[in-house]
Q: 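Encoded as structure tokens, here's the structure I'll be asking about.
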Number of protein chains: 2
Amino acid sequence: MTRAAKPRENKDKKARDLPTGIALLWGEQDQPARGPKPSLTPQRIAQAAVTLADAEGLETVSMNKVATEFGVSAMALYRYVPGKTELVELMVEAVLAGPPDLSAAGSGWRARLSAWAHLQWEVYQAHPWLLAATAMRRQIMGPHQLAWMDAALAALEPTGLTAGQRHQVFLLVAGQVRSLAQQRADFDEDHNREWGRLTSELLNRHSDRFPALTKAIADGAFTSAELDPLDFGLDRILDGVQVLIDRA
Amino acid sequence: MTRAAKPRENKDKKARDLPTGIALLWGEQDQPARGPKPSLTPQRIAQAAVTLADAEGLETVSMNKVATEFGVSAMALYRYVPGKTELVELMVEAVLAGPPDLSAAGSGWRARLSAWAHLQWEVYQAHPWLLAATAMRRQIMGPHQLAWMDAALAALEPTGLTAGQRHQVFLLVAGQVRSLAQQRADFDEDHNREWGRLTSELLNRHSDRFPALTKAIADGAFTSAELDPLDFGLDRILDGVQVLIDRA
DNA sequence: CCGCAACTGTATATAGCGTAAACGCACTTG
DNA sequence: CAAGTGCGTTTACGCTATATACAGTTGCGG
């Protein structure tokens, strides 16, 4: 994300762009009458950007690359999308289509919330760039994103927790999935092996500075795959929530 | 983060840069003998970049801005730092200086781990860009980062959990702090108010699509400040860990 | 003490980015 | 059929990281 060319009146521009960005996300755009037919749609553009990001990462998605995908110039996209930030927002919405149906996961809050987390996890796995895309500055939430949020909150309704508590639990679970996806996204086989080799060598040389870490590595804390990270974290969190419920 | 100019031999270059980057982080650089005295150090450069990022955000930190801070040209920095990614790594290390001392927090694993989380939280609060800086592609960990990790793992040693479990718990807590800092970093007073206004209007129009969300907002789930997010999440997680310990 | 080698900083150049502005042209509606 | 609107292009600007070539400074070995 590079800076805008003319930063003057940036605030005004941002403020006025917000509604149009929202309208775009909610599909509340009225199509024009008196001109040539548009050859593209914001959705088609977003879809192309998504496949591009899936293949080569978010950082290689540029207006130019997306435009050439359609055989048009980069500036042509600006007829459909206000700017790149809005395009990324559309990408997120595109990927979150198909809001989750948790009714098949069982009736308990725990089963449903767990299912929600696993579904979210799968989305992150399928589109690793989603993390970086949602990690940027405060973006507006589209309907699909809200639908996911709604599903999680709905799962928490039978718990008897207060609204504030339910919201916090939602944030907790969502954050856990995110942070785990983060790790996974960082994980690159070759690079990681090389890093591990060099770091372990350094650790040997400085083992007195990091006793607990050295011991943990010696005990195989990093190499053992006995624990599924997602389920482990989720079980701890949901156990903790259960404690809270029982206490009330 | 823009692309490199000449992507050829990128792999070779990356592989060969990794050790030099590590050497930089660990301060294992031997100073030269036969030239003009260096006017800068990697650490001073990183420090300037940190204050810049603290003031105006990570995305405005450019080689040029940092260089002019010292009154030198941008290219001069490349005498001390291989590239921008390495500079960011140095920034992270600079900010994580002063590894935590948890012995004052009490003797129990829970008190110590909780103290660790709060300290980490404060670092994120003081340097909001730290999130984005560590969220990028797999970076190598410097000694300070490892020291933080070591402290958390040390706090978990008296729990009786397996090494793998302790590692997972560490990841869980660290992730929780991260994801919470994420939210906080996204939070911008003005922008958020505007967003809330527009979104709530949209929610009113589509309340049937998001029943649980609408209800949650009506119940004040988002406006009430009764719960401290960090403590709430931490209490749930640590309760869950306690359950695991008791079960063993 | 001198010259070479090593080292620093600069100037220049390249490839890429997002996007503002102006323009020709195709098309649809009056 | 003419009007005029909206599409797509071309051009240009300011910004990014960084490769390369060079000029200036310093200290060691002969």
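Throughout, a chain's letter reflects where its sequence line sits, starting with A, and its residues are numbered from 1.
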Q: Please verify the inter-ring angle class for B/F170 with B/W116; under 30° counts as parallel, over 60° as perpendicular, anything in between as tilted.
A: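 If you compare the ring of B/F170 with that of B/W116, the planes turn out perpendicular.
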Q: Where each residue is assigned the nucleotide of DNA chain C containing its nearest heavy atom, which of A/S62 and A/K37 is assigned the position nearer the 5′ end?
A: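 With A/S62 and A/K37 compared, the 5'-side residue is A/S62.
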Q: I want to check something: taking the side chain as every heavy atom from C-beta on, are A/E93 and A/P143 in contact at a cut-off of under 4.5 Å?
A: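 Yes, close enough: below the 4.5 Å cut-off.
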Q: Go through D/dT25, D/dA17, C/dT19 for me and flag the one nearest to the A/K84 side chain.
A: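 Out of D/dT25, D/dA17, C/dT19, the nucleotide with an atom closest to A/K84's side chain is C/dT19.
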Q: Might you work through the side chain to side chain donor-acceptor pair (under 3.5 Å) test for A/R178 and A/T134, ending with a clear yes or no?
A: CA-CA 10 Å; A/R178 266 191 73 92; A/T134 50; 2.7 Å; yes
Q: Near DNA chain C, which residues from residues 71-79 of chain A have a heavy atom under 4.0 Å away?
A: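 Output list: A/M75, A/Y78.
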Q: More 5' along DNA chain D: B/G83 or B/G35, using each one's nearest nucleotide?
A: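 Its nucleotide being nearer the 5' end, the pick is B/G83.
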Q: Would you say a side-chain N or O of A/S39 is under 4.0 Å from OP1 or OP2 of D/dG8?
A: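 Checking A/S39 against D/dG8: at least one side-chain N or O falls below 4.0 Å of OP1 or OP2.
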Q: Any base atoms under 4.0 Å from B/Y80, or only sugar-phosphate, or nothing? Heavy atoms, all strands.
A: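 Sugar-phosphate, backbone atoms only, no base.
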Q: For the CZ atom of A/R44 and the CZ atom of A/F70, what is their distance to the nearest 0.5 Å?
A: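 It comes to 5.0 Å.
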Q: Would you say B/R184 and B/Y124 make side-chain contact, with heavy atoms under 4.5 Å?
A: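 No, their side chains stay 4.5 Å or more apart.
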Q: Take atom NZ of A/K65 and atom C1' of C/dA15, then tell me their distance rounded to the nearest Å.
A: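 Answer to the nearest Å: 12 Å.
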Q: Figure out the CD/P separation between B/Q31 and C/dC7, and round it to whole Å.
A: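 Computing the B/Q31:CD to C/dC7:P distance gives 11 Å.
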Q: How are the rings of A/F222 and B/H167 set to each other: parallel, tilted or perpendicular (split at 30° and 60°)?
A: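 Answer is tilted, since the angle falls between 30° and 60°.
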Q: Nearest to the B/P36 side chain among D/dG24, D/dG6, D/dG27, which nucleotide is it?
A: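 Output: D/dG24.
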